[in-house]
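Have a look at the structure below, then the notes.
The sequence lines fix the lettering, A, B, ..., with proteins before strands; numbering per chain opens at 1.
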Protein chains: 2
Amino acid sequence: MTMTVVADALKKRGFRVTAPRIRIFNVLQKASYPMSVQEVKMGTKGVDTVTVYRTLEAFKRVGLVAQVDLQLGRALYELKEGKSDHHHIVCVSCKKIEDFTGCDYQPIAQQALKQSKGFTKIINHSLELFGLCTLCATK
Amino acid sequence: MTMTVVADALKKRGFRVTAPRIRIFNVLQKASYPMSVQEVKMGTKGVDTVTVYRTLEAFKRVGLVAQVDLQLGRALYELKEGKSDHHHIVCVSCKKIEDFTGCDYQPIAQQALKQSKGFTKIINHSLELFGLCTLCATK
DNA sequence: ATTCTACTTGCAAATAAATTGCAAGTAGAA
DNA sequence: TTCTACTTGCAATTTATTTGCAAGTAGAAT
């Protein structure tokens with residue numbers, strides 16, 4: 001994902017392109033795993049925590065970022081790469097996180113909409129697996 | 001799900017069957033949607049908030065309850081009915097929640113395990129859809 | 001039924017997460 | 001360069017969740 005894409009995505013939705021937002025974007029870009037607000041703040045140093053919250057929320061609305069809930073007591077965030085959407089497996093014991101791909105969610109969404117009385121549009125989805133990593137399983 | 005199932009599930013794991021736990025179970029049993037800790041507390045009145053937290057955690061460990069994250073800033077909990085597992089569609093605007101069934105997650109889990117280097121066992125999964133309800137979509 | 005011990009509970013207090021108000025700063029259109 | 005609406009940082013709140021501990025109790029053992 002290029003810087004221009006970010007700037008355009010923001011502007012298109014009426015958001016401004018600012019230094020803190022660019023810095024936060026860069027931190028997310030480097031991450032190999034979804035980050036917490038605190039982690040993002042650490043990575044940017046100088047940007048206030050509140051700004052991180054607000055920026056991640058803005059990125060989320062704009063569709064640049066996905067919120068990930070892994071039952072860790074806090075929300076995590078990661079860039080939505082244009083490519084195939086991936087999801088996570090989390091070890092319920094040591095909290096190790098791994099990615100996996102291959103969620104064909106379109107048919108599920110279609111089926112859900114067909115069943116639904118009150119919804120007509122799906123914007124996004126979350127899918128997470130919880131398990132025991134090989135290490136923790138042997139204990 | 002019967003009371004006996006609850007008692008057995010708890011005992012089997014070394015948990016005791018107590019009045020607060022039974023009351024909390026009953027509240028969850030009546031609910032038609034996943035409940036927050038506060039809502040459960042409201043429904044039981046007399047049971048301390050901390051006890052609700054600890055009990056829900058225990059139920060979760062025992063496999064009686066599922067934690068549901070709908071990006072609402074707090075965790076929700078609902079009984080895992082023995083029957084087909086269901087998931088939720090949430091309106092990102094008004095937070096309306098609806099259920100849907102038909103998540104065939106086994107093949108996904110299998111595929112994830114096949115890809116994985118560090119995991120060999122999946123315990124459970126979460127799948128939530130986020131969209132706009134018909135009402136909010138027209139605004 | 002009584003005893004005993006480990007598991008539970010409630011209360012208070014501490015952490016941590018997320019939100020809100022507001023004055024000062026600034027992106028970007030004019 | 002100007003001007004205005006969007007942003008930011010700071011302080012203060014609110015809300016969620018966790019921890020410590022003494023008193024209470026389920027359930028196994030007697």
Can you check nucleotides 27-30 of chain D for protein contacts, nitrogen or oxygen pairs under 3.5 Å, and list what you find?
from   : atom 1 : to      : atom 2 : distance (Å)
D:dG27 : OP1    : B:Val17 : N      : 3.2

Interatomic distance, [X] atom [atom1] to [Y] atom [atom2] [nearest 0.5 angstrom]:
X        : Y        : atom1 : atom2 : answer
B:Leu28  : B:Phe25  : CG    : CZ    : 8.0 Å
A:Lys80  : A:Phe59  : NZ    : CZ    : 13.5 Å
A:Thr44  : A:Ile24  : OG1   : CD1   : 5.5 Å
A:Ser32  : A:Asp99  : OG    : CG    : 8.5 Å
B:Leu129 : A:Asn124 : CG    : CG    : 9.0 Å
A:Lys121 : B:Cys91  : NZ    : SG    : 11.5 Å

Can you tell me how far [atom2] of [N] sits from [atom1] of [X], to the nearest Å?
X       : N      : atom1 : atom2 : answer
B:Arg13 : C:dA6  : CZ    : C1'   : 18 Å
B:Gln71 : C:dA18 : CD    : C1'   : 14 Å
A:Arg21 : C:dT26 : CZ    : C1'   : 12 Å
B:Arg23 : C:dT8  : CZ    : C1'   : 13 Å
A:Leu72 : C:dA16 : CG    : P     : 15 Å
A:Lys12 : C:dA27 : NZ    : C1'   : 19 Å
B:Asp69 : C:dA18 : CG    : C1'   : 15 Å

*Do the side-chain N and O atoms of B:Glu98 and A:Ser116 include a donor-acceptor pair separated by under 3.5 angstrom?*
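Judged by distance alone, the side chains do pair up.
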Heavy-atom donor-acceptor pair, [X] side chain to [Y] backbone, under 3.5 Å:
X        : Y        : answer
A:Asp69  : A:Gln71  : no
A:Gln115 : B:Thr101 : yes
A:Glu39  : A:Ser36  : yes

*Contacts to DNA chain C from residues 31-61 of chain A, heavy-atom cutoff under 4.0 Å, which residues?*
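DNA chain C contact set from residues 31-61 of chain A: A:Val50, A:Tyr53, A:Arg54.
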*Working for ring pair (Phe, Tyr, Trp, His ring centres under 6.0 Å), residues B:His125 and B:His87*: CA-CA 10 Å; B:His125 69 290; B:His87 298 279; 5.0 Å; yes
*Mind grabbing the angle between the end helix axes of the helix from C:dA1-D:dT30 to C:dA30-D:dT1? Five pairs an end, 10° rounding.*
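Roughly 50°, once rounded to the nearest ten degrees.
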